[in-house]
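Order of the sequence lines fixes the chain letters, A, B, ..., with proteins taken first and strands second; residue numbering starts at 1 for each chain.
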Number of protein chains: 2
Amino acid sequence: MTGATIRDVARRAAVSVASVSRALNGLSSVHPDTRARVLAAAEALGYVPHAGARSLSLARTHAIGVVMPDLHGEFFSEVIRGLAGAASARGYHLILSNIDEGEDHMAAALRAMRGRVDGLVAMAPHVAPPAFAALLPPRLPTVTINTPDYAGGPALRVDNRGGAAAVARHFVTIGRKRFAHIAGPAINADALERRDGFAAALPAGTPIAMAEGDFTEAGGARAMAELLTTDAAIDAVFVANDMMALGALQTLRDAGRRIPQDVAVAGFDDVPLARYVSLTTLRVNMADLGGRAATRLIDALEGEGEGAGEVPTADLIVPPLIVRGTTVMEP
Amino acid sequence: MTGATIRDVARRAAVSVASVSRALNGLSSVHPDTRARVLAAAEALGYVPHAGARSLSLARTHAIGVVMPDLHGEFFSEVIRGLAGAASARGYHLILSNIDEGEDHMAAALRAMRGRVDGLVAMAPHVAPPAFAALLPPRLPTVTINTPDYAGGPALRVDNRGGAAAVARHFVTIGRKRFAHIAGPAINADALERRDGFAAALPAGTPIAMAEGDFTEAGGARAMAELLTTDAAIDAVFVANDMMALGALQTLRDAGRRIPQDVAVAGFDDVPLARYVSLTTLRVNMADLGGRAATRLIDALEGEGEGAGEVPTADLIVPPLIVRGTTVMEP
DNA sequence: TTGCCGTACGTAACCGGTTACGGGTGAGCA
DNA sequence: TGCTCACCCGTAACCGGTTACGTACGGCAA
C-alpha cells in the first residue's frame, strides 16, 4: 500500500530481487543491459527503497538520535541547528526526542531509540549522572554535551568554571566591590559550576549575595528584586544565563539603578538578544557545539572496528568573555 | 552485537518468540506465570525491542519527518519546538532533514524518508510548487506549512496578505504619506504575498519605494541604505520580516532619522528580539504553527481508513498586529 | 574434447520483530 | 467415557530489503 517494493520492480524487469538490489546500489557484476532494464522499471513504478527494511538488514540506520530537555529555548534550537547541519553534510538524519516529563518517560524515549539510530547525542544537565547512564540503551555509541561526570563515551563540555572566573576577574578589574550572583536551578550542573567558578575566582573570603532563578527571564527579574531588598548595596551581579540577565536588567532599571555606573551585569551564553541589549556575557557557540558533537559521533561510528578512536576523550570548550555596555561605558 | 534479541529472551525464558512478543506487548492470552518469566528474562538480558524491526512488521514507525530549509533561524527553530512538543505528547518522534543544497539533494532527502516515517511535515516556500509535489514520495501523508498552492493534503498557511494589509491600514491611520517596502527574496512565496498584500491595501495608485533583501539583518540594512539614497523622503517602511527590520532600523538611526517621528517601521514575524527593540510587527506564533501541523498530521494518520478527515483543508492563520514603539510614540 | 575461469544472475537465508493458524491440555457437561 | 470449548502456546510466514552461495554459460588454453 505504501508503494512499490523491490519485488515489484524485479517482476517488471523480469529479473531477480538480488539483481535489482545490485543494480540500484551500483554494485559491479551487473550487466549494463540488466541495469538499464531495472532502472527503467523502478522509474516506471515510482519505486523508492524502504529505508526501514534497508537498515534492518544492514544494521545501519544512518540516523543519529538527539535527546535533550527543552530548557532555555535559544540553547536548544541552536544546538539542533548545528547538529542538523553537520549530520546532513555526512548523510545522516536526526531523530529528536525531548525529555521533559519525568524520568520514566525519558527512559521510554531513550529505549525507543534502539534500532532506529546508530548513535546518540545526549544532553542532560539536570539528571543525576549514574541514573542517566543506566537509562541509555546498552552498547549505543553516545556523545554527551554538558552532561556531568558521564564516563561512557566522548563528551563535550563548555568550561563553565573558567567562564565564570573570567567574569569575576573582569569585575575586579573594573573596580567593583560588592558582588552578587543569580544562580540557575540547584539541580542543574551548569548552574552549579558557574556559581562555584565565580566564587572561586574572587579574592578569598569575598562575600557574595546569592539568589536562585530558573533560567527564565521572569525568574531573573524575581531573583534580582529579591537581591535588591536584602543587599541593596551591590555593584556587580553575575547572572547564570542571559535570559535571566535580561530580567535582572529590567528590574534594576525599574529600581532606578544606572547600568553600568551603579551596577555592572554579566550573563552567560551570548544569545542573539544579548548583543541588542549590549549585555556583557560569555559566548558559547551553541551551533558549533552541536556540529562538533555530530562530527565526533559520526567519526566514531564510521571508524567502528578500529580501536583507534576508542578513548573516551572529553573536550572542554572555553567560552570567550564578550565585554559590552552592561559592565563598561560604551562610546 | 547491538544487544539481545527477542529470540534470546525466548530461549532464556524457555518459551517461544511469539509468547515473548505477546507478553511484552501486554496482549491477553498469556499465562501470568509465563508473562512473569518473560519479563524476568528480558530484564536480566537488558532486552530493548528493536524499533526498526518492529516498525517493519507493523508498517508503522511512529515517527514523522520534517523537511524544511534552514531559513531565517528563529522561524525554523520555533516551528521545530512546536512540532517536537506535540509529537512527543502523542508518542511520536521527529526526523529532521534540512533541505538547502540544491534540488537533487532535496529529492534524495525526501526519498530517504520512505519507510522511516509515517508522514511528513514540509515547509518549502522557495520551491516552485509543482516541482515540490513531484519530489514527495508517493502516498506519504503530508501536511505543508506555508508552501504555496500545494493541493496534495492539509495545509497551514499564515495570512501574509492580511497581515501586510493590517500594516498598510495602520500606516494610514497614523497619518503616513510616503511609503516604502523592503521585500524578501523574489523566489520566496511569503515575501511576494507580503509585498502584494501591502500594496493592495494602500489607496489605489499610492507610490511605493521598493528594495529587496534576503531576510537577514545585514540584507535589511543594505536595502534601507539603498532606499535612503533613492527616496529620501519616505516616512513609513514595511519590512518583510523582523530580522531585516532590525537592520533597517540601525541604518535609519545611523542616518539620523528619528523613530517613529520621522519614519515608522514595521516588520513581520514577532521574533523574540522584536519586543526588545520595540518593533511593531505581525505576530506569527511559530511554535503553535508547528504544534498544529503535528496534531493535524497525527490525527490524519490515526484516523486512517476513515474517509472523514480526507478533505484536504487549508487553515489560514491570521497574525495579529502588535503595535510598538517603531510606529507610535511610547509613554 | 576436457578442464578451468570469470561473469551475470537466481535461490534462499537472514536482519528482528508480529501474528494467523493450528495443536495440546484440562475443565465442564451429557 | 466422550465431547466441546476455552485458554495457552508454538510453528512458520511475513514485512522489504541485502548478500552468501551456487549455477549456467561462454571463452580460452592444453
Worksheet item: Just how far, in rounded Å, is C1' of D:dG16 from CG of A:Leu45?
Response: 15 Å
Worksheet item: Can you tell which of D:dT18, C:dG10, C:dA8 lies closest to the side chain of A:Asn25?
Response: D:dT18
Discussion item. Any side-chain N or O of A:Arg54 below 4.0 angstrom from OP1/OP2 of D:dT18?
Written reply: yes
Practice prompt. Could you check which of C:dA20, D:dC21, C:dA8 has an atom nearest any side-chain atom of A:Arg22?
Written response: D:dC21
Worksheet item: Do the side-chain N or O atoms of A:Ser57 get closer than 4.0 angstrom to the phosphate oxygens (OP1, OP2) of D:dG17?
Response: no
Discussion item. Measure CZ/B:Arg35 against P/D:dC8 and give the value in whole Å, please.
Written reply: 10 Å
Worksheet entry | Rounded distance in Å - CZ (A:Arg11) to C1' (C:dG10) | 15 Å
Response to the item:
Comparing nearest nucleotides in DNA chain C, the 5'-proximal residue of the pair A:Arg37, A:Arg7 is A:Arg37
Response to the item:
Tested for side chain to side chain contact (heavy atoms under 4.5 Å, CB included) against B:Arg22, the lone hit among B:Val15, B:Val17, B:Val30, B:Val38 is B:Val30
Item to complete: Can you tell me the distance, in whole Å, between the CG atom of A:Leu56 and the P atom of C:dA13?
Response: 17 Å
Worksheet, complete the sentence: Double-helix bend of the helix from C:dT1-D:dA30 to C:dA30-D:dT1, axes at both ends from 5 pairs, round to 10°, gives 70°
Item to complete: When you get a sec, tell me which of D:dC9, D:dT18, C:dG10 is the closest nucleotide to the side chain of A:Ser19?
Response: C:dG10
Item to complete: Please identify each residue that fulfils side chain to side chain donor-acceptor pair (under 3.5 Å) with A:Asn285, with sequence neighbours left out.
Response: none
Worksheet item: Over how many whole Å does the gap from B:Asp33 atom CG to D:dC8 atom C1' extend?
Response: 12 Å
Worksheet item: If you check every side-chain atom of A:Ala53, which of C:dT18, D:dG16, C:dT11 has the closest atom?
Response: D:dG16
Discussion item. Would you say A:Ser21 places a side-chain N or O within less than 4.0 Å of OP1 or OP2 belonging to D:dT18?
Written reply: yes
Discussion item. If the cut-off is 4.0 Å, is B:Thr34 near the phosphate of D:dC9, judged by side-chain N/O to OP1 or OP2?
Written reply: yes
Worksheet entry | Residues forming a salt bridge (Lys or Arg N to Asp or Glu O under 4.0 Å) with A:Arg292, sequence neighbours excluded | A:Asp288
Practice prompt. Please state how far atom CG in B:Leu58 lies from atom P in C:dC15, giving the value in whole angstrom units.
Written response: 19 Å
Worksheet entry | Residues that B:Arg54 engages under side chain to side chain donor-acceptor pair (under 3.5 Å), provided they are two or more places apart | B:Asn25
Discussion item. Within the 4.0 Å heavy-atom criterion, would you say B:Thr5 contacts the bases, only the backbone, or no part of the nucleic acid?
Written reply: sugar-phosphate
Fill in: Residue list, ring-ring contact (aromatic ring centres under 6.0 Å, His included) with B:Tyr47, at least two apart or on another chain
none
Fill in: A:Arg114 CZ to C:dG17 C1', straight-line distance once rounded to whole Å
10 Å
Item to complete: Go through the structure and list residues passing salt bridge (Lys or Arg N to Asp or Glu O under 4.0 Å) with B:Arg7, not counting sequence neighbours.
Response: none
Response to the item:
Rounded to whole Å, the CZ-C1' distance (B:Arg60 to D:dG16) equals 18 Å
